[in-house]
There are 2 protein chains.
Amino acid sequence: MKKVSISDIARKAGVSVSTVSFVMNDKAVKMRISREVIEKVEHVAREMGYRPNQLARGLRTGKTKTIGLIVENISNAFFATLAKSIEDEAKKYDYKVVYCSTDNDEGKARELINMLSQRQVDGYIITPTLNLSEDICRLQSENKPVVLIDRYFPQHEEIPAVLVDNYEGVSRGMEYLIAKGYRKIALVSIETEMAHMKDRLRAYSDVLSRHGVEPQERLVKIVPYSSDHEAALKEVVELLASAGKDVDAVFFLTNYLGVLGIEAIKKLKIKVPTELAVLCFDDNDIFRLYTPTISVIRQPIEAIGQKAVSTLMERLKQPGEEPFPPQALIRLEADLIKRESI
Amino acid sequence: MKKVSISDIARKAGVSVSTVSFVMNDKAVKMRISREVIEKVEHVAREMGYRPNQLARGLRTGKTKTIGLIVENISNAFFATLAKSIEDEAKKYDYKVVYCSTDNDEGKARELINMLSQRQVDGYIITPTLNLSEDICRLQSENKPVVLIDRYFPQHEEIPAVLVDNYEGVSRGMEYLIAKGYRKIALVSIETEMAHMKDRLRAYSDVLSRHGVEPQERLVKIVPYSSDHEAALKEVVELLASAGKDVDAVFFLTNYLGVLGIEAIKKLKIKVPTELAVLCFDDNDIFRLYTPTISVIRQPIEAIGQKAVSTLMERLKQPGEEPFPPQALIRLEADLIKRESI
DNA sequence: AATTTAGGCTAAAACGTTTTAGTTCTTTTC
DNA sequence: GAAAAGAACTAAAACGTTTTAGCCTAAATT
């Protein structure tokens with residue numbers, strides 16, 4: 001069974017290709033095609049099981065109704081949830097999503113942008129890696145709108161970004177720890193030069209200083225991105241080994257680190273929250289169900305996805321050649337979910 | 001900045017469009033294009049930042065180098081991991097993946113197949129819903145290969161499927177429970193007519209019978225797919241309320257149900273494994289880290305993804321019009337991971 | 001009666017590729 | 001010295017659409 005094309009229908013219905021096209025695109029009335037012909041064509045099309053070839057359509061119109069989504073790693077719960085929310089939201093606008101994962105690799109990210117661009121996606125939603133701003137600016141200069149999610153480039157006002165308010169979120173968490181009397185607060189973060197993580201780190205130091213606590217270097221552990229599970233675990237275990245003495249609380253700056261942290265805590269048999277208070281940035285099933293339950297700063301994942309899509313749609317419908325207007329960062333507030341770990 | 005096409009290059013290099021095409025596709029030598037011209041064209045192409053338009057290419061060649069992946073829900077850890085493994089594996093063959101989620105809705109699944117077919121993907125990897133076999137057979141009759149994952153249609157030998165050996169996996173788990181002396185084994189499954197879940201259920205009954213234990217209806221809880229979190233939780237809580245008396249072990253048949261189960265166990269403050277032994281089909285971070293750690297039957301997710309892709313590739317390179325050969329189910333073995341919960 | 005307007009359609013170009021079948025020289029071969 | 005072979009390219013069709021411009025007939029307006 002071969003695919004049926006518009007000209008097969010035209011032949012069978014005894015009309016021209018153009019007529020069929022008009023009917024299929026609801027332009028029949030505007031083009032004054034008669035009722036009978038419209039019905040005839042619609043009937044034949046249904047009968048033959050016609051389905052328009054989107055490649056041809058895209059080639060002709062320059063629009064594919066597809067958005068390219070680049071995340072760090074689709075198997076990570078945070079990005080998987082975000083992706084689903086973007087997929088669902090895009091569907092409302094009748095857009096399809098093509099995803100891919102960078103694994104936080106600059107080169108891979110570049111390849112992916114290339115690949116999506118070759119496939120003529122109409123716009124992009126990207127979790128950027130370091131040094132990607134040039135490539136992204138190029139996309140915009142080719143009139144393809146981009147919206148960043150989760151991360152941003154501080155010196156590029158012209159690239160819109162939707163993300164949680166990292167500084168505010170971490171500040172709120174820190175204030176809570178301080179308010180509860182903790183002063184020897186350890187921090188676990190991931191090694192990266194990217195601004196969103198720097199914002200989180202900055203909040204940590206700022207809140208400590210504001211309360212007259214000197215930030216101590218030995219309380220801050222930055223685990224290398226590339227390290228394997230075991231190596232990373234070892235680092236966290238080291239940091240928390242002195243829990244109850246030199247450390248009375250720990251703040252994990254990402255989901256993944258929090259899970260790692262739980263593993264370390266379990267291994268060291270640390271009593272939470274009596275020996276160590278625990279707080280994590282980003283929620284996860286595990287934090288809700290672990291004993292004790294772990295308090296978190298929860299990102300509004302759904303809202304980030306929705307806002308990213310709506311911002312992109314805004315730009316997609318902008319006609320022609322004008323460059324995109326600058327757009328300030330869109331920062332969404334995080335919630336502090338208080339559980340048993342602090 | 002407009003996109004640069006093959007004819008822009010041709011003009012600038014002073015050669016014909018065909019020549020450029022040959023050079024870009026490494027057919028230059030075969031077509032006896034001279035060294036100088038090749039270099040000239042390559043230079044101009046690089047200089048102008050040429051990137052082939054895959055729509056046009058796909059339209060002309062009928063191949064898009066894209067595979068459509070349909071899963072139940074990309075935000076579910078199992079499918080997210082599977083998707084990542086498929087994405088990585090496909091990349092090795094230089095194929096791109098387009099994913100989408102059915103949310104287990106038959107209609108939605110059909111829409112997605114339609115959409116992917118319109119986008120001319122070369123082949124499909126599908127987690128099917130009920131009643132989807134006809135649509136899938138249609139794809140194959142249009143010469144688009146399909147590989148099912150995780151689930152299958154028992155009466156359709158012509159559609160290849162890659163999945164864990166569900167019967168064997170659950171049997172192994174049950175034998176373990178029996179060997180440990182448990183006899184009042186409860187089961188929690190999800191409502192579905194699909195064969196993979198029926199296989200799991202059958203294994204449960206068969207093993208019990210083989211050991212002279214009469215399967216009891218009140219020990220089997222089938223939670224409706226559509227029920228919300230709270231409702232589903234309530235069902236599990238009901239089942240487990242008599243733990244320690246009428247129930248001495250519980251086997252959750254999916255990842256999601258296991259998480260729900262932990263929630264119920266936590267709520268009921270059941271002591272595991274003394275009052276209740278716990279086993280779950282599918283691993284998850286939570287099972288590894290919960291106290292006590294939960295034993296699981298682990299699916300070989302990576303292997304499923306890899307095998308699905310390689311099976312698809314096998315069929316993709318089959319030339320022309322011949323129908324696809326039948327292909328027996330590919331069942332991969334699951335591992336029993338023994339932890340503290342039993 | 002001659003021109004306009006409207007109604008109902010179609011021809012053909014265009015989108016950016018790939019690929020088949022040439023074309024035009026130059027060099028061999030007999 | 002004519003025919004054949006080889007080298008180095010090119011013209012043009014085709015893939016399946018959309019869309020602009022236009023054709024033809026009939027009705028309406030001057």
Side-chain angles (χ1 to χ4, degrees), chain A residues 2-42 44-45 48-66 117-122 142-143, chain B residues 2-42 44-45 48-66 117-122 142-143:
Chain A
K2 274 274 51 114
K3 283 241 157 182
V4 10
S5 82
I6 223 174
S7 62
D8 296 327
I9 296 175
R11 199 169 317 116
K12 188 141 177 187
V15 298
S16 77
V17 164
S18 342
T19 303
V20 178
S21 173
F22 293 140
V23 173
M24 299 323 287
N25 291 286
D26 291 326
K27 294 194 174 146
V29 172
K30 204 170 89 195
M31 286 294 138
R32 318 175 237 235
I33 309 295
S34 66
R35 242 321 83 239
E36 313 137 65
V37 171
I38 293 180
E39 269 155 24
K40 171 99 194 174
V41 169
E42 276 173 346
V44 172
M48 303 181 75
Y50 171 67
R51 249 134 30 183
N53 180 325
Q54 296 293 348
L55 296 188
R57 201 177 253 193
L59 180 58
R60 173 62 230 233
T61 62
K63 298 269 152 254
T64 54
K65 287 272 189 183
T66 302
S117 139
Q118 294 189 172
R119 284 183 158 76
Q120 316 296 125
V121 301
D122 293 343
E142 284 166 3
N143 234 267
Chain B
K2 273 274 60 118
K3 283 239 157 185
V4 11
S5 81
I6 224 175
S7 63
D8 297 327
I9 296 175
R11 198 169 318 118
K12 189 140 176 186
V15 298
S16 77
V17 165
S18 343
T19 304
V20 178
S21 173
F22 293 139
V23 174
M24 299 323 288
N25 292 285
D26 290 327
K27 295 197 173 144
V29 172
K30 203 170 90 197
M31 286 293 139
R32 323 174 234 238
I33 308 297
S34 66
R35 202 82 318 279
E36 313 137 65
V37 171
I38 293 180
E39 269 156 25
K40 171 97 195 174
V41 169
E42 277 172 347
V44 173
M48 302 180 76
Y50 171 67
R51 249 130 36 174
N53 180 326
Q54 297 293 349
L55 295 188
R57 199 176 256 193
L59 180 59
R60 173 62 229 233
T61 62
K63 299 269 152 252
T64 54
K65 287 277 192 179
T66 302
S117 138
Q118 294 188 173
R119 283 184 159 75
Q120 315 297 122
V121 301
D122 294 342
E142 284 166 4
N143 234 267

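Small disclaimer: the values here were computed from a predicted structure and weren't measured. Basis for what follows: all heavy atoms, side chains included, without hydrogens, waters or symmetry-related copies. In what follows, chains are A, B, ... by sequence order, proteins preceding strands, each numbered from 1.
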Inset, instruction - With side-chain contact (heavy atoms from CB on, under 4.5 Å) as the test, would you mind laying out the steps for A:S5 and A:N53 before giving the verdict? - result: CA-CA 8 Å; A:S5 82; A:N53 180 325; over 6 Å; no
Legend entry - Nucleotide D:dG16, atom P - distance to CD of B:Q120 in whole Å: 9 Å
Inset, instruction - Under 4.0 Å between any heavy atoms, over every strand shown, what does B:M31 touch: base, sugar-phosphate, or nothing? Just pick one. - result: base
Legend entry - B:I33 CD1 to C:dT19 P, straight-line distance once rounded to whole Å: 14 Å
Inset, instruction - State whether B:K3 places a side-chain N or O below 4.0 Å from either non-bridging phosphate oxygen (OP1 or OP2) of C:dG16. - result: no
Inset, instruction - Confirm from the modelled atom types if A:S18 and C:dA11 form a donor-acceptor pair under 3.5 Å, side chain to base only. - result: yes
Inset, instruction - With heavy atoms under 4.0 Å as the rule, sort B:T19 into base, sugar-phosphate or nothing. - result: base
Inset, instruction - Test side-chain contact (heavy atoms from CB on, under 4.5 Å) on A:E142 and B:K3 and set out the steps. - result: CA-CA 7 Å; A:E142 284 166 3; B:K3 283 239 157 185; 4.1 Å; yes
Inset, instruction - Let me know the distance between CG of A:L55 and P of C:dG16, rounded to the nearest Å. - result: 15 Å
Inset, instruction - Please report, rounded to the nearest Å, how far the P atom of D:dA8 is from the NZ atom of B:K40. - result: 18 Å
Legend entry - Length of the line joining A:R32:CZ and D:dA27:P, which is rounded to integer Å: 16 Å
Inset, instruction - Specify the separation, in whole Å, of atom CE of B:M24 and atom C1' of C:dT18. - result: 14 Å
Legend entry - Side chain B:R57 and base C:dT17 donor-acceptor under 3.5 Å: no
Inset, instruction - Report yes if the side chains of A:R11 and A:D8 come closer than 4.5 Å at any heavy-atom pair, otherwise no. - result: yes
Inset, instruction - Could you grab the distance from atom CZ of B:R51 to atom CZ of A:R119, nearest 0.5 Å is fine? - result: 13.5 Å
Legend entry - Between C:dT19 (P) and B:I6 (CD1): distance, integer Å: 11 Å
Legend entry - 5' precedence on DNA chain D between A:F22 and A:L59 (nearest-nucleotide basis): A:L59
Inset, instruction - Let me know, please, whether A:Y50 or B:R35 comes out on the 5' side of the other along DNA chain D by nearest nucleotide. - result: B:R35
Inset, instruction - Determine the contact category for A:V37: base if any of its heavy atoms lies under 4.0 Å from a base atom, sugar-phosphate if only primed atoms, P, OP1 or OP2 are that close, otherwise nothing. - result: sugar-phosphate
Inset, instruction - Have a look at A:S21 and say if it touches a base, only the backbone sugar-phosphate, or nothing, with a 4.0 Å heavy-atom cut-off. - result: base
Inset, instruction - Could you tell me whether the phosphate oxygens of C:dT10, OP1 or OP2, come under 4.0 Å of any side-chain nitrogen or oxygen in A:S16? - result: yes
Legend entry - Distance-only donor-acceptor test (3.5 Å): side chain B:S34, base D:dA7: no
Legend entry - B:K27 vs C:dT18: side-chain N/O to OP1/OP2 distance below 4.0 Å: no
Inset, instruction - Output yes when at least one side-chain N/O atom of A:N53 is less than 4.0 Å from OP1 or OP2 of D:dC15, else no. - result: no
Inset, instruction - Locate the shortest heavy-atom distance separating B:I33 from B:I38; write the atom from each residue and the value. - result: O-CD1, 3.6 Å
Inset, instruction - Tell me whether the OP1 or OP2 atom of C:dC15 has a side-chain N or O from A:R60 closer than 4.0 Å. - result: no
Inset, instruction - Round to the nearest Å and state the distance from B:K30 atom NZ to C:dT20 atom C1'. - result: 12 Å
Inset, instruction - Flag the pair A:V23 / A:E42 as yes when at least one side-chain heavy-atom distance between them is below 4.5 Å, and no otherwise. - result: yes
